[in-house]
Amino acid sequence: MAEQNSTLSADIRATLDWWQAAGVDHDFTDDATAWIGRAQDATQDHADTKPGSAGQSQAGTQSDRENATSKKAPQIADLLGDSPPTDLTQFREFWLNTPGLDAIGPRGRVPPRGVAKPKLMVLVVDPEDGDRETLLSGAQGRLLANMLNAMSIAEDEIYLASALPRHTPMADTDALVASGIGAVLAHHINLVEPERLIAFGTNIPSLLQHGVTKDETSLREINQNHATQFALVSEGLDSMLTMPRLKARFWRRWIECSA
């Protein structure tokens, strides 16, 4: 038994050494968390956070909880107002002309295209760099056209839309949620009423915080007009262009969902 424990300890040390040599010693989520740290540091941190300890008073604990709660519930702007669009024609006008949808203003926005109740709704994060009047007019659009052809879906059977009205590289998801764009996106999907939905962009579900299940799979549920709509969430088309292996991953997911 002692020999087995020694071997296990050696394996664990070797694994940690490998990650450290590779330069991966933190778990990067919203806040970096040390993977490899000294045990006494964790013990000290635990002691400092005990109620009534020297490191933290009861009043401080309550204050920290209140601050954490306020951070988790930011004020979200109401972009739809009292009279939201009631059909896709009205939504197009709203999308192109409402000032508060982005920081720049109406000029240069790219509209969605398609008809209501399509066989498939395709959703991307933002237009391509270079799009003017037509959404996905460049390399991403050509890739999508090839994919639709392989799916045996005609382009006039889809509704193509973006979550953001203009090309927005390195978009801040938290800021976008606070801006209220998520409610606009959810309303847009409700107006389209697609049979199926593909979201090309892994951060799109984060914009739909209140309407998407919080699982780790590629198939999500979206609340649509009091019904459940299944959406396939995939990496963005821009990522697929630079990393071909993502195309194979998408096809596996599509086949599973279609089955």
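Below, each value reflects all heavy atoms present in this structure, side chains not excepted, and no hydrogens, waters or symmetry copies.
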- Note on the structure: With Leu237 as partner, the option from Val125, Val122, Leu136 fulfilling side-chain contact (heavy atoms from CB on, under 4.5 Å) is Leu136
- Task: I would like to know whether Val124 and Asp238 meet side chain to side chain contact (heavy atoms under 4.5 Å, CB included); could you show each step before the answer?
- Result: CA-CA 10 Å; Val124 296; Asp238 55 341; over 6 Å; no
- Message: Can you list everything that forms a side chain to side chain donor-acceptor pair (under 3.5 Å) with Glu155? Sequence neighbours excluded, please.
- Response: none
- Residue pairs fulfilling ring pair (Phe, Tyr, Trp, His ring centres under 6.0 Å) with at least one residue in residues 108-158, sequence neighbours excluded: none
- Note on the structure: Those residues at least two apart in sequence (or on a different chain) that pass side chain to side chain donor-acceptor pair (under 3.5 Å) with Thr89 are none
- Task: For Asp126, check salt bridge (charged side-chain N to carboxylate O under 4.0 Å, His left out) against everything at least two apart and list the hits.
- Result: none
- Query: How close do Ser162 and Leu135 get, heavy atom to heavy atom, and via which atoms?
  - Reply: N-CD2, 3.8 Å
- Provide the full list of ring pair (Phe, Tyr, Trp, His ring centres under 6.0 Å) pairs with a residue in residues 114-148, sequence neighbours left out, each pair given once. none
- What are the two closest heavy atoms between Pro127 and Leu164, and how far apart are they? CD-O, 3.4 Å
- Item | Heavy-atom side-chain contact between Ser234 and Met240 under 4.5 Å | yes
- Item | Partners meeting ring-ring contact (aromatic ring centres under 6.0 Å, His included) with Phe91 (sequence neighbours left out) | Phe94, Trp95, His188
- Message: If hydrophobic clusters are built by linking Ile, Leu, Val, Met, Phe, Trp and Tyr wherever their side-chain heavy atoms come under 4.5 Å apart, do Met243 and Leu241 end up in the same one?
- Response: yes
- Item | Evaluation steps, side chain to side chain contact (heavy atoms under 4.5 Å, CB included), between Thr98 and Leu79 | CA-CA 9 Å; Thr98 302; Leu79 296 177; 5.9 Å; no
- Can you list every ring pair (Phe, Tyr, Trp, His ring centres under 6.0 Å) pair that touches residues 105-133, not counting sequence neighbours? none
- Message: Check whether Ser258 reaches the backbone of Ile255 with its side chain - one donor and one acceptor, N or O, closer than 3.5 Å.
- Response: no
- Message: Measuring only between side-chain heavy atoms, which start at C-beta, is Val233 closer than 4.5 Å to Ile204?
- Response: no
- Query: What are the two closest non-hydrogen atoms of Leu96 and Pro106, and how far apart are they?
  - Reply: O-CB, 3.2 Å
- Query: Between Arg92 and Pro111, which heavy-atom pair has the shortest distance, and what is it?
  - Reply: NH1-CB, 3.5 Å
- May I have all residue pairs that pass side-chain hydrogen bond (donor to acceptor under 3.5 Å, both in side chains) and include part of residues 128-140, sequence neighbours excluded? Asp131-Ser137
- In this structure, CD1 of Ile198 is separated from CG of Leu160 (nearest 0.5 Å) by 11.5 Å
- Query: When rounded to the nearest 0.5 angstrom, what distance separates CG in Leu232 from CG in Leu197?
  - Reply: 9.0 Å
- Step by step, would you call Thr168 with Asp102 a side chain to side chain contact (heavy atoms under 4.5 Å, CB included)? CA-CA 10 Å; Thr168 311; Asp102 60 29; over 6 Å; no
- Glu93: side chain to side chain donor-acceptor pair (under 3.5 Å) partners, not counting sequence neighbours: Asn97
- Task: Kindly indicate whether the side chain of Leu80, heavy atoms from C-beta on, has any atom under 4.5 Å from the side chain of Pro85.
- Result: yes
- Message: The criterion is salt bridge (charged side-chain N to carboxylate O under 4.0 Å, His left out); which residues satisfy it with Arg249, sequence neighbours excluded?
- Response: Glu235
- Message: Show me the pairs that pass salt bridge (Lys or Arg N to Asp or Glu O under 4.0 Å) and involve residues 114-125, at least two apart or across chains.
- Response: none
- Query: Any chain of hydrophobic side-chain contacts (each under 4.5 Å) joining Trp251 to Ile158?
  - Reply: yes
Enumerate, atom names and distances included, each donor-acceptor pair closer than 3.5 Å involving a side-chain atom of residues 142-151, sequence neighbours excluded.
from, atom 1, to, atom 2, distance (Å)
Asn146, ND2, Arg142, O, 3.3

- Task: Indicate the atoms forming the closest heavy-atom contact of Val177 with Ser206, along with that distance.
- Result: CG2-O, 3.6 Å
- Task: Look only at the side chain of Glu157 and the backbone of Ile153, and say whether a donor-acceptor pair between them is shorter than 3.5 Å.
- Result: no
- Task: Would you name the heavy atoms of Leu191 and Ala116 that are closest together and state the gap between them?
- Result: O-CB, 4.3 Å
